[in-house]
Every structure is written in C-alpha cells, then in structure tokens.
2 protein chains.
Amino acid sequence: MGSITPGMSPERTSSPTMRDVAAHAEVSPMTVSRTLRGDPRVSPEMRARVLASVEVLRYRRNDVARGLRTGGSSGLLGLIVTNLGNPFYSELALGVESLASEHGLRVVIGNTGGDLDRERQLVDDMASRRVDGIIVVPAGNDHAHLEPAGLHGLPVVLATHPPSGVDVDAVIVDDFGGSRSATCALIAQGHRRIGFLGLGRSMWTGAERLRGFCSALEDAGIPVEDALLRSVAPVAGAAEAVTTELLSIADPPTAVFAANNRNTLGAYRAIAERGAATALAGFDDVPLADLFAAPISVVTYDTGEVGRRAATLLLDRIAGAGQPSAHPRLVTVPTSLKDYRPACGPQAAPV
Amino acid sequence: MGSITPGMSPERTSSPTMRDVAAHAEVSPMTVSRTLRGDPRVSPEMRARVLASVEVLRYRRNDVARGLRTGGSSGLLGLIVTNLGNPFYSELALGVESLASEHGLRVVIGNTGGDLDRERQLVDDMASRRVDGIIVVPAGNDHAHLEPAGLHGLPVVLATHPPSGVDVDAVIVDDFGGSRSATCALIAQGHRRIGFLGLGRSMWTGAERLRGFCSALEDAGIPVEDALLRSVAPVAGAAEAVTTELLSIADPPTAVFAANNRNTLGAYRAIAERGAATALAGFDDVPLADLFAAPISVVTYDTGEVGRRAATLLLDRIAGAGQPSAHPRLVTVPTSLKDYRPACGPQAAPV
DNA sequence: CTGTTAGCGCCTTCAA
DNA sequence: TTGAAGGCGCTAACAG
C-alpha cells in the first residue's frame, strides 16, 4: 500500500505514537510513558514538557499496545445474549455495563439470536480478542464450549441458566419460587382449575416454572390435570391460539398462569377476545399493564440485578485468577409478585 | 467432568502463543502464522502438523497482537448511548451489532446516562482502545469532542441528533414530519384546540417536534396558542401533572399531542384519571397500547433501522479512510402513524 | 530522576 | 516452500 521511503517512517495519517511525543518534547519515550502513567518520579519540568507536547499533538496512548505489553489484559468484558432487543437482556446489559465501568472495563456485546453455533463463534471470537471474562445468556443446554478449561482459564459466568456439565458461576432467577407463589395467589383467590401455558420442558426455565406451578397445586391438594397443561411454541400468535383452545374445553379453567411474557400477552388477548372473566397471572413483568383494561398479576424480578450480580461474580473471578479456583457459585435472584389493576374504570372512547 | 487429575492442565493456564505451537509442531512460528491465515504456500504436511498442534494445545490466535502488527485495526466499533435500558436504544444497538457482525466487527458499548462528561470520557476511552469508529447518541448539543479531526480521523457517526458544529455523518428521525402528520391527523378528526406536551426547546428533537406541531396548525389556519403549549421536565410524573393542569384551564384542549413516549404515557394517565374524552397522540411507539382501555395514536419509526443506517455510514467511512473525506451526510429515517384502538370492548374485571 | 535494552505476540519483508 | 530478522506501540527491568 504505502510507498516506503528509505530511512523515513511511512507517510500515514495515523495517530501519533509515544516516539512522536518524545521527539517533540525532546525526551525519551520512557519519560512520556511514565508521565502518562502518573509515575511520581518524573520532574515537574519534564512532566510539563511532555504534557505540552501531548496537547499539541493531541496524543492518546494506545491501550491495545499497552495491554499487550503489560500482560494481555484487554480491559474488556464479553457479554453474549440471545436478543439484545429484548428489554430483559438490554437491562441486564445495562447492569453489566455499569459494574464494568466502575472497574474501568468496557463491555463487548454479541447477539446470538438464540443460535447455538453463533454462540460458539462469539465465544471463540471474544476469547481471541482476549477479553478478561465472559458473561453468557446461553442459547441452549449445551454448554461444553463454555468450559473455562477449554478456554485456558478464561472466566465465564452464565446468566439466566444454570451451568450444565461445566464448572462455572451462574446467576439465575427464582423461577420455581416465583411460579409457585403466583400460582398460590391464584389458588388463594379461590381458583381450583388453573391452566398452564408453558415453554418447552427442554428449557431449564420452562421446567422450573412448571415445577413451581405443580408444587403450588399439590400443596393445596389440587391434582395436576394434564388437560389444563399446555406447551406453547415460541412463535408469535401461538399463545393466543393455545389459550383460546384451552378456554373452549369442557369445564375450562377459571384462571391461567403463563410461563413467560409472550405467553402472558397472548393469553391476555385471548381472554379479552372472548370477553371471558378468566383470571390471569404470568411470569415476567408486563410494563404498563396498569393501563390495560383488565387486571393481571405478574412475577417480576430485577433484571438489572441479574446483570450486576453476574458482573460481580465475573470480576471476582478475574481478580482471583491464579488462586486455586473456588468451586462454582450459583446466585439466585429473588422474584416478587405484582398486581396490575386498571387505575380507573374504562372510559368512553373519544370520537 | 471437571475432576482434577494430576498431569492435567492447571486451573489457570496462560494462553499458548504461536511459539508454543511452533515448538510443539517443530516448525518455525512463521509457518504457524501462515497456516492460520490460510496462506496457500504451506505444504499439506506442514499444515497438518501445525493444525494438529493447534488442536492439542487448544491454541487461539491473539487478535490483539495481530491487530497491533497489521495496522492497528482493532475490529471494534464503539457505540455510545444515553440509556441502554431504554428499548429505543437497545434496538438501535441491536441494529448496529447485526451490521457490525456482518463485517466481522464486534461492538463495544458505553452508557452515558445522559451525562456529557461521561460521554467525553467514553469517547476518549474508545479512541484509546483504537476502535475503528464510533456511533454516538449524544447526551447534549455540545459535540466538540466528537470532531474526527481532534480524534486523528477516527470516523464518528451521530444517531438521533444532527451534528452541531462538527463535520460528521448523522442519522436522524423525521421528527418534524412525524409530529406534523400526527397533528394533522388530530385536526382531520375535527380537533381545533390541541394541547402540546413538549420537551425542552434546547433539545434538538424537542424543537423539531414543536416545529412540526405548529406547522400542522398553521397549515390548517389554526393559531398557535401559548396557553396550550407546555414544556415537560424529564421527571417521572411530570407529564401527568402538566396534563392535568392543561385540561383544567378554561376552554381546555379536546386533544393532546405529546412529544415523546414518557409524555404520552403521562398524558394518558391524566386523561384516564379525569375520565375525559380527550384524544391523544404522541411521538414514539407505545408497545401494547392496543391493550389499553382507550385509543391512542403514535408516531413510530424503525429504531433498529437507525442503528443499521448509522453502522452503514460508519462502515463506509472506515472503508474509505484515507480518501479525501467526502462531506458529511445526513440520513433521515421516516416515521409513520399508527393507531392503537382497544381490540375489544372493556370487559368486566374478574374479581 | 532519566535513559537504554529487551520483548509482549504477531506479521511484513527479505533471504535461502 | 520455509525460516530469520525486524518492528507495530508500549512498558518491565535494569542501568546511569
């Protein structure tokens, strides 16, 4: 590309280097390095000369080269999520970012779209970029590629899913407890026939939420009826259709518990459509549900907290890199119940 | 799995280098380098030997060092937003990420929380990390620190705000047109007294949306009455209070246009609270508003598209880095009107 | 206090 | 086709 002039540095528009600053200030590169690092053993005059040149040349130290020399720490945290567009994960990301920032680290994001191959690819890429650690919201149950041993000790923390077969820290949500208490609340309201709109059992969250639901029923002495259990495909419109079907069986449920946000909304539409008086509760918050025409109850949790806790675990591992690794920790973020009821009676539609 | 056997790799192994691989394969580091880069002038036997060693040692090339040698490209795109927790910006981030990924680049995020100092800090940090370019959702109107000239030619693209005083590309939303057409729609419905819930005039979007509102009124021959114009502080609850006040004046408006998401929701609450039949329109989408008890109209736009367009502009600049810089481009993302009306009549609350 | 030497991990250039 | 020398920008470790 660039023509090479013998004895001269190639003509480039690139950033100045320490050598440039050193030359401008007529000192050695080391003095520039020390000054910029705040080394106290630099005389005030030198420091002033250097800083002046830095100002003039608008010099900015190359952190990449610096990291290479000082031991490979890139000052980067990897964050791999299934869908950044989903508010749950963007809030999680915000939590990670805020904690990383407090420690002078930046966050590199990767979006898998739920694709396991893409996840592997991203882990590999980030490892090659020498991030200091990775937080992953895994796309599936295969976590083999997340084993730190296979990544030369790169710390890994899972979020939302517990590790399966790998020795890593994880932050999960109290899926079981949340589902259980939401179901209990429905029972306390007098419901005895409660429908369940689940995720696949293959997903960990799906299994846990179902387990919590069943546990509540059993504690109340209510038999779990297969006829009231549904598994909803993760497709737009599926939850609504399934709910409509569920409400049309003989002896239909008087209440429904939906295992996630999407199912809750689908169920809500189906119930509203029928004009039914079916009670509805669901896992995951539904922002603004107090403006809905009908009340719903939800299991909420602090999404940002999941990110912050994951970051805390990760930073801890990074700091303790070298220690005989403590055994994996599992942190559970608590859930709480929230009742949304219309703030005021439905009013007439304008026009 | 995970049992510790003597002779196995230690807990915290430092990554192997090319030299290690070379030693293991009994070749020179250059051969490893060439093999890994897919240089065709490597004999099949050599290649096989190298790849075998790579496999055994679980070697992963250090992209940081590689970038340093090959010219400083970090393969990173900087993305600085005001609030990643806000779905608008997380969708924008998703758009940026997807385009970056298509080009083999990763995205480093930074959250300013609307703080200009933090923004400067992040720009500086990312420049030091030698990202290939930066996309910024600016926190204020001072963009001096974003001038590429001051960043040694680092490409910068603004999102959501046009550049003020700096020569950079930008992607903005059609704030004027969107506000204008939403207001026109209210007028077409017969409204002649329309309230306006604005942002500060100091913000570009605030000024533009007000301008669009006024333009629609003027075109319809309706005078702009100061008594119907409000500026809402960006504080929770402010919009609702202001709307309540606005609806209690003598000769109150029959419709309200809110300049952003928060104002729209505040106005909605205030209107619902009074049981008023005031029509409501607002800038920014309100997801799930079709489940609300009363209808609203919103100005929507593709947030992801803003991110994708910004990334496109940035990638274009990065590719053409060296060319005599073309003059700044300004891309406007179009808006559209969306009417949310309750899908079905309000039903009885199920106890 | 300041400068020199050497090398982080990799790749460009040139020689064999 | 392979290897040796040198350097990207920076900083430990050692002079002076």
Side-chain angles (χ1 to χ4, degrees), chain A residues 1-50 53-54 57 59-75 127-131 152, chain B residues 13-50 53-54 57 59-75 127-131 152:
Chain A
M1 289 276 206
S3 59
I4 295 161
T5 313
M8 295 201 61
S9 56
E11 172 223 4
R12 273 188 190 173
T13 346
S14 67
S15 313
T17 76
M18 270 195 179
R19 245 209 305 281
D20 299 326
V21 177
H24 183 101
E26 297 180 306
V27 297
S28 85
M30 258 334 288
T31 302
V32 179
S33 174
R34 284 199 262 257
T35 300
L36 262 37
R37 195 160 9 115
D39 190 316
R41 336 171 287 182
V42 180
S43 69
E45 309 88 67
M46 278 289 159
R47 169 180 303 282
R49 268 220 330 258
V50 168
S53 295
V54 164
L57 300 180
Y59 173 74
R60 214 177 299 264
R61 183 174 58 189
N62 186 332
D63 278 349
V64 177
R66 176 180 159 77
L68 181 62
R69 187 62 184 85
T70 54
S73 167
S74 62
S128 291
R129 290 193 137 84
R130 295 302 189 267
V131 296
H152 297 103
Chain B
T13 10
S14 66
S15 308
T17 74
M18 270 193 178
R19 244 207 311 278
D20 299 326
V21 178
H24 183 100
E26 297 179 307
V27 298
S28 85
M30 266 324 301
T31 303
V32 179
S33 176
R34 284 199 260 259
T35 301
L36 262 37
R37 192 158 18 107
D39 190 315
R41 334 172 291 180
V42 180
S43 69
E45 309 88 69
M46 280 287 155
R47 168 179 305 281
R49 271 227 317 267
V50 168
S53 296
V54 163
L57 300 180
Y59 172 74
R60 215 179 298 266
R61 185 173 55 188
N62 185 332
D63 279 348
V64 176
R66 177 180 159 76
L68 183 62
R69 187 62 185 88
T70 53
S73 167
S74 61
S128 291
R129 291 193 138 86
R130 297 298 189 267
V131 296
H152 296 103

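A, B, ... follow the sequence lines: proteins, then strands. Residue 1 opens every chain. In this text, all values refer to a predicted model and were calculated from it rather than measured experimentally.
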Selection from D:dC10, D:dG3, D:dA12 that lies nearest to any side-chain heavy atom of B:V27:
D:dG3

I want to check one thing: is the phosphate of C:dT2, taken as OP1 and OP2, less than 4.0 Å away from some side-chain N or O of A:S28?
no

Partners meeting side chain to side chain donor-acceptor pair (under 3.5 Å) with A:S43 (sequence neighbours left out):
none

Can you tell me if the side-chain N/O atoms of B:R66 get under 4.0 Å from OP1 or OP2 in C:dC11?
yes

Which nucleotide in the list C:dG3, C:dC10, D:dT11 gets nearest to the side chain of B:T17?
C:dC10

B:L68 CG to D:dT11 C1', straight-line distance once rounded to whole Å:
13 Å

Side chain to side chain contact (heavy atoms under 4.5 Å, CB included) against A:V64, all qualifying residues, sequence neighbours excluded
A:N62, B:V64, B:R130

Between the side chain of A:T70 and the main-chain N/O of A:R66, is any donor-acceptor distance below 3.5 Å?
yes

Show the nearest heavy-atom pair for residues A:Y59 and A:M18, with the distance to one decimal.
OH-CG, 3.2 Å

Note: for B:R34 and B:R130 on DNA chain D, the residue whose nearest nucleotide lies more 5' is B:R34

Given atom CG of A:D63 and atom C1' of C:dC8, what is their separation to the nearest angstrom?
15 Å

Quick test of your reading: applying salt bridge (charged side-chain N to carboxylate O under 4.0 Å, His left out), list the pairs with at least one residue in residues 31-46 of chain B, sequence neighbours left out, ordered by first then second residue.
B:D39-B:R41

Measure from the side-chain heavy atoms of A:T31 and tell me the nearest of D:dT11, C:dG3, D:dG3.
C:dG3

Using the side-chain heavy atoms of A:R61, tell me which of these nucleotides is nearest: D:dC10, C:dG3, D:dC8.
D:dC10

Starting at CG of B:L57 and ending at C1' of C:dG9, how long is that distance when rounded to a whole Å?
15 Å

Considering only side-chain heavy atoms of A:R19, which listed nucleotide, D:dC8, C:dC10, D:dA5, is closest?
D:dC8

Between the first and last five pairs of the helix from C:dC1-D:dG16 to C:dA16-D:dT1, the angle of the axes, rounded to 10 degrees:
40°

Distance check needed: D:dG3 P versus B:M18 CE, whole Å only.
14 Å

Restricting to side chain to side chain contact (heavy atoms under 4.5 Å, CB included), what partner residues turn up for A:R19, sequence neighbours left out?
A:T17, A:P29

Comparing B:M30 with A:R60, nearest DNA chain D nucleotide closer to 5' gives the residue B:M30

May I ask you to test the A:P16-A:H24 pair for a side-chain heavy-atom distance under 4.5 Å?
no

Partners of B:R129 by salt bridge (charged side-chain N to carboxylate O under 4.0 Å, His left out), sequence neighbours excluded?
B:D125

Both A:R69 and B:P16 contact DNA chain C. Taking the nearest nucleotide for each, which residue is further toward the 5' end?
A:R69

Tell me every residue that passes salt bridge (charged side-chain N to carboxylate O under 4.0 Å, His left out) with A:R60, counting only those two or more places apart in sequence or in another chain.
B:D124

Quick one: side chain to side chain contact (heavy atoms under 4.5 Å, CB included) partners of A:R47, sequence neighbours excluded?
A:T35, A:V42, A:L51

Can a side chain N or O of B:Y59 be found less than 4.0 Å away from OP1 or OP2 on C:dC10?
yes

Given atom CG of A:D20 and atom P of D:dC8, what is their separation to the nearest angstrom?
11 Å

In whole angstroms, the gap separating C1' of D:dA12 from CZ of A:R37 amounts to 8 Å

When you measure from every atom of DNA chain C, which of residues 38-48 of chain A have a heavy atom less than 4.0 Å away?
A:R41, A:V42, A:S43, A:M46

